[in-house]
Every structure is written in structure tokens, then in C-alpha cells.
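We count ligands from 1, going down the list as the structure has it; atoms in each ligand are counted the same way.
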Amino acid sequence: MNQNSLNQIPQPLLAWYYQNARTLPWRDNPMPYYVWISEIMLQQTRVEAVKPYFQRFIESLPDIQSLATVDDEKLMKLWEGLGYYNRARNLKKAAQIVMEQYNGELPADYEELCSLPGIGPYTAGAVASIAFHISVPAVDGNVLRVISRVLGSKQNISDLKVKREMEQQLLAVLPDDVSSFNQALMELGAVICIPNGAPKCAECPLNHICIAHKKGIELEIPVKLKKKASKVESLTVFIVKYQDKIAIQKRTQKGVLNDMWQLPNCSEILSTKQVEQQIKEWGIVPLSIRSKTKAKHIFTHIEWHMTAYFIETYQVDNNTQFEWVSVEELENEYALPTAFKKLLP
Ligand code: SF4
């Protein structure tokens with residue numbers, strides 16, 4: 001990588017950022033707890049989608065102590081719809097460690113932040129630099145794209161070595177206002193040097209030094225290894241209604257959506273006859289089995305192809321494997337992952 005090009009980034013980038021930074025709830029008051037929560041939420045999720053979740057989360061759990069002691073069900077409910085639920089579980093685990101070992105304050109130290117559950121080099125860099133003004137880079141997908149384009153680099157950004165090298169190169173050019181600099185790089189990647197579609201080079205403060213722009217190869221960069229094709233899993237899902245309640249149950253402790261609530265399901269596509277057989281085994285006597293609906297849900301490495309049956313029942317013989325909940329209870333108390341929610345009428 002060309003260090004000279006990187007040296008030229010801070011000044012125009014910071015000038016642009018001071019003028020154009022978006023107002024964001026966690027930016028108004030960048031206390032460590034807020035920065036941490038927002039950074040975890042922003043993994044895999046867009047800023048606009050995160051805003052209401054963030055507000056609700058910090059209203060409900062205003063500090064590390066309340067996060068450390070929150071009831072798991074309430075935590076899942078606050079996270080419902082954001083997906084990747086282990087992020088929320090790790091937040092609570094980390095908060096408990098912070099209460100026990102750091103007197104309830106996030107440590108102002110990059111390595112110690114890295115040692116907490118759910119905090120990797122990027123998040124540690126973001127919290128350390130934004131909240132504590134520690135001079136470390138914070139390199140996420142946005143930053144990898146911007147820097148690769150500025151340098152005209154066609155190295156594979158999915159390669160961890162390339163990322164580590166970029167962190168080292170950035171470390172050498174960090175300005176005093178490292179908090180703004182790291183946020184400015186992320187911001188440029190989010191609003192100007194965007195991931196999908198053509199970057200807005202005419203508005204970019206780095207267009208005079210950007211090699212990809214000069215060569216007209218913006219869209220060829222960054223280079224990413226092709227992801228492995230997702231594994232497809234077929235599921236038959238049962239939406240079982242008994243009086244004004246529907247059946248839900250807990251998933252197993254392992255695998256995708258572990259320990260979350262789910263609609264009862266089988267991991268294969270069943271015929272109508274097999275569906276009847278299955279619900280009989282559950283002790284459910286059907287009043288009607290209605291036509292099916294289909295939906296797809298995409299996780300990072302798995303794709304679920306779901307076929308749902310609506311079943312009304314008037315009798316549930318000694319059925320202890322399901323929890324029967326009303327729509328209101330489902331809305332207010334139980335966190336049902338989006339994969340299943342999209343099947344509900
Ligand atoms: S000039 Fe264009 S390609 Fe280069 S960093 Fe700016 S927006 Fe990205």
C-alpha cells in the first residue's frame with residue numbers, strides 16, 4: 001500500500017466531516033456505553049434501521065448495570081428484529097464482566113476491550129477511539145472499501161492479512177482527532193463512497209487523491225472473494241391456533257437462532273398427509289388445516305425455504321411441549337425471530 005496517499009487523507013476528510021457529519025443519537029453524547037451498544041447494533045444493520053432500536057434499548061437499559069442484570073427474555077425482546085441474537089447475549093455477558101472486573105466502567109484500553117465477549121478488533125477500535133480518544137484505527141467494511149479505492153488496491157479485502165495490513169498503515173497516519181477521523185472514514189463509506197451502486201465521487205473530499213477515481217475503476221474495487229453459496233434448508237412450519245392463542249416453543253441451545261422462540265416446525269417439506277400425522281403425534285386435533293404459504297429467510301450461511309400450514313384446533317391433549325400465547329403476548333413479551341414472524345398473517 002502507498003503510505004503517501006494515506007498521509008493525504010486526514011486533512012480533507014476531517015474538513016469534510018466537520019461540515020457534513022450526520023446527527024446520530026449515539027454521536028450527540030458519545031459516552032462509552034452508547035458507542036458500544038450502537039457499534040454492536042450497527043454490525044450487519046443500517047444506521048436508519050438501528051436508530052429506533054438504539055433509543056428503545058438505552059431507555060430500557062440506561063447503563064451497564066441494568067444491562068448486566070436484565071432478564072434474558074426482556075433482552076431478546078429489545079433485540080427482536082435486529083437478528084444475530086448472540087450479539088445481545090454477548091452484550092449482557094460483557095456487561096457482567098465489566099461490573100465484576102472494571103467497577104461498572106468499560107475499560108479505556110484497546111486490548112482489554114478486545115478481551116470482552118462480542119468485541120473484536122473493529123468494535124474495540126471504534127469504542128477506544130470514539131469514546132476514549134485512544135489512537136487506534138477502526139477498520140470495518142466501509143473503511144476497507146474507501147481505502148482500497150483511494151489506493152487503487154485490488155487486494156482481496158476478505159483476506160484478514162489485507163485488513164491487518166490496512167490497520168497498520170492507518171495507525172501510522174492517525175491525526176490527533178482520531179475520534180472524528182475514524183467516524184469520518186466510516187461516514188464517507190456510508191454516504192459517499194457507497195457499497196451498492198456508483199460512488200458519489202463528485203462530492204467526495206478525497207477525489208483529488210483517489211486512484212480508483214482517476215483510473216475510472218471505482219466499481220472494480222474493492223475485490224472480495226466470492227462467498228460460499230448458502231446452504232438451503234427446507235422447513236415445514238406449523239401455525240397452530242387454539243382458541244385465541246398460537247403455539248410457540250423454544251429452539252435448542254445450539255445452531256441457528258439458538259435458544260430463541262419459534263413456531264413449531266420440521267426440517268423437511270411435508271405433504272398434507274404427513275402434516276396431519278405430525279400434529280396428531282403432538283396430541284392436536286385439527287378443526288381445519290388451511291392452505292400453505294411460502295417464505296424465504298436468509299441468514300449468513302443458511303437459507304431457509306419455509307412452507308407454513310395454518311391449523312385451527314379445538315383440542316390439545318396434554319400438550320406440554322408448546323407455550324400457548326395470545327397475539328398481544330407475542331407482541332409484548334416474547335421475542336419471535338423475523339424468520340417466523342414473516343409467516344404470521
Ligand atoms: S473519489 Fe469516489 S471512489 Fe474515490 S474515495 Fe471518493 S467516492 Fe470513493
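Side chain to side chain, Gln262 and Gln249 meet the donor-acceptor criterion of an N or O pair below 3.5 Å.
Remark: Glu303 does not engage Lys231 in a salt bridge, criterion side-chain N to carboxylate O under 4.0 Å.
Under 2.8 Å from atom 6 (Fe) of ligand 1, one finds the following protein N/O/S atoms: Cys204 SG.
The shortest side-chain heavy-atom distance between Leu263 and Phe322 does not fall under the 4.5 Å cut-off. You'll find the side chain of Ser129 reaches within 4.5 Å of the side chain of Asn182, heavy atoms only. Contact of the Pro264 side chain with the Ile279 side chain is not registered, since no non-hydrogen atoms from C-beta on lie closer than 4.5 Å.
Counting only residues at least two apart or in different chains, salt bridge (Lys or Arg N to Asp or Glu O under 4.0 Å) contacts with residues 32-58 comprise Glu48-Lys51.
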